[in-house]
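Here is the structure we will look at.
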Amino acid sequence: MSQLQTLRGMVDLLPEQTRRWQAVESVAREHFRCAGLDEIRTPLLEFTDLFARGIGEATDVVGKEMYTFLDRGDRSCTLRPEGTASVVRAALQHGLLSQGPQRLWYGGPMFRYERPQAGRQRQFHQIGVEFLGASSPRSDAEVIALAWDLLSALGIQGLKLEINSLGTPEDRQRFRSELVGWLEERVEQLDPDSQERLSTNPLRILDSKDKRTQLLLNEAPTLLGALSEESVRRFDEVCALLSALQIPYQLNPRLVRGLDYYGHTAFEITSDQLGAQATVCGGGRYDGLIQQLGGPATPAIGWALGMERLLLVIAAAAQADPDGPAARLTATPAPLVYIINRGEQAEPQALLLARQLRGAGLAVELDGSSAAFGKQFKRADRSGARWAVVLGDEEALAGTLRLKPLRGEGEEQQLTWEDALSYLTKQR
RNA sequence: GCGGGUGUCGCCAAGUGGUUAAGGCAGCGGCUUGUGGUGCCGCUAUACGGGGGUUCGAAUCCCCUCAUCCGCCCCA
């Protein structure tokens with residue numbers, strides 16, 4: 001293929017797709033508005049150091065998935081692989097935290113150099129929420145509810161919310177050595193990947209997909225068992241609040257997140273419609289991150305959801321229920337009016353007419369072909385427009401137009417522009 | 001980074017060594033040169049992702065390469 005094309009893992013959104021994206025984005029925007037969140041937009045490019053320090057040097061994301069390069073000034077730059085670190089950086093840089101707790105949302109492209117797969121591209125898009133300066137268990141429940149309700153509003157069903165507590169750094173430290181000690185006595189029963197992780201990132205062994213490892217882990221010490229009393233109490237409270245909100249959840253003591261900054265509450269929302277990349281939304285509490293990035297000790301919690309995956313799930317939901325809310329999101333809009341025009345006098349006038357109707361907020365498609373009327377009618381019909389306006393030289397000379405309903409009943413009528421405009425405005 | 005599948009017109013797709021590479025959808029033109037939705041007719045791949053090889057002969061076999069998809073890994 002010598003033709004120009006996108007880089008691997010980079011995807012064009014063609015108009016039909018873009019429409020769906022916009023529909024989802026507007027639902028999300030409205031959802032966040034009602035919840036009193038403010039949007040924040042940060043650059044796609046940051047100093048590499050932000051992610052190295054924020055996400056953790058040892059994580060896979062930082063270690064082998066980042067788009068990192070030197071700019072012309074020899075600064076090491078990285079295309080953001082996730083949103084949280086940037087949001088925290090921006091909040092610190094501009095002193096947002098001194099104005100009190102921040103309830104923020106963001107959206108946009110993220111970049112990870114991975115092998116593309118279903119629900120996984122190299123440039124992908126997230127919508128995320130970050131509550132900075134929120135410490136109470138109630139904020140955990142509110143943040144999770146925000147994600148859950150957004151997904152419900154989009155008409156998605158069959159989602160599973162899994163939740164776990166990762167405790168404090170001390171809890172994890174204690175558990176790590178406990179787990180490593182236990183597993184080291186049984187190394188030969190672990191799959192090769194997990195053996196590797198025993199020294200690099202032992203907690204991640206917990207969500208290994210290997211059957212034998214899973215089985216073995218049934219006997220292993222659990223994270224919940226290693227939590228301090230206080231951590232347990234906190235987690236119980238979060239769970240109780242979720243129950244009170246009637247948000248169904250499942251405890252998953254094996255749920256571990258891949259980014260170092262998570263602690264206490266961690267959760268994932270998964271769908272069975274997605275193949276291997278089942279996580280639609282994931283997040284958790286990150287009380288240590290802000291301080292780690294040079295700010296004041298500030299508790300925080302957030303989540304991110306993957307747009308591409310969300311759209312896949314919506315497509316599945318739309319197919320399952322052709323009249324449901326998901327299907328409405330994917331519907332194709334048609335213009336209200338299609339202007340059929342032909343002739344030396346008529347064509348410039350049609351352009352003017354289109355402009356007037358559009359100025360009144362009507363969706364108007366203007367045929368630019370100068371083709372025979374029959375041809376243009378065919379196109380008008382296919383456009384899905386409810387009305388055809390016919391403007392030929394005959395009408396142009398009379399200062400009128402013909403208005404013909406294309407869908408319902410009714411006769412074609414000849415009207416002045418003014419009358420047509422007020423009539424169509426009422427039809428909208 | 002590893003493993004497997006696939007690559008024929010914008011989309012779907014037949015074709016599995018032998019004269020001109022089916023068909024459908026979409027598009028364009030016409031029947032219908034001022035009135036659509038149906039119908040009918042016509043047009044649209046010197047070309048089968050790219051390169052090399054085997055052969056008298058390849059979309060069809062072999063090798064390499066690229067792309068894509070699925071899984072591992074990772075994560076949203």
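Sequence lines set the chain letters: A, B, ... in the order given, protein chains first and strands last, and positions in each chain run from 1.
- Taking 4.0 Å as the cut-off between side-chain N and carboxylate O, E25(A) and R29(A) do not count as a salt-bridged pair.
- Of the candidate nucleotides C75(B), C72(B), C73(B), C72(B) has the atom nearest to the side chain of A276(A).
- In this model, no side-chain donor or acceptor of R115(A) finds a partner on the base of C69(B) within 3.5 Å.
- With hydrogens and angles ignored, no donor-acceptor pair under 3.5 angstrom links the side chain of R112(A) to the base of C74(B).
- Here the nucleotide nearest the side chain of D60(A), chosen from G1(B), C74(B), A76(B), is C74(B).
- Residue Q117(A) has its side chain nearest to C72(B) when only C74(B), C72(B), A67(B) are considered.
- For the contact set between residues 300-314 of chain A and RNA chain B, defined by any heavy atom under 4.0 Å, the members are A304(A), G306(A), R309(A).
- Using a 4.0 Å cutoff on non-hydrogen atoms, the parts of residues 198-209 of chain A near RNA chain B are R204(A), K209(A), ordered by number.
- Among the protein residues, A380(A) comes within range of no part of the nucleic acid, since none of its heavy atoms lies under 4.0 Å from any strand.
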- Message: So if I define the base as every atom that isn't primed, P, OP1 or OP2, how would nucleotides 31-40 of chain B read as a B/S/- string at a heavy-atom cutoff under 4.0 Å?
- Response: B-SBBBB---
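- For T6(A) and G282(A), each mapped to the nucleotide of RNA chain B holding its nearest heavy atom, the one lying further toward the 5' end belongs to T6(A).
- Side chain of W303(A) to main chain of V143(A): a donor-acceptor pair is present (N/O by atom type, distance under 3.5 Å, no hydrogens or angles).
- Among the protein residues, I127(A) comes within range of no part of the nucleic acid, since none of its heavy atoms lies under 4.0 Å from any strand.
- Residue contacts for G119(A): at a heavy-atom cut-off of 4.0 Å it reaches a base atom on one of the strands shown.
- Residue E268(A) is classed as having no contact, given no heavy-atom separation below 4.0 Å to the nucleic acid.
- For R257(A) and C75(B), the shortest distance from a side-chain N or O to OP1 or OP2 is not below 4.0 Å.
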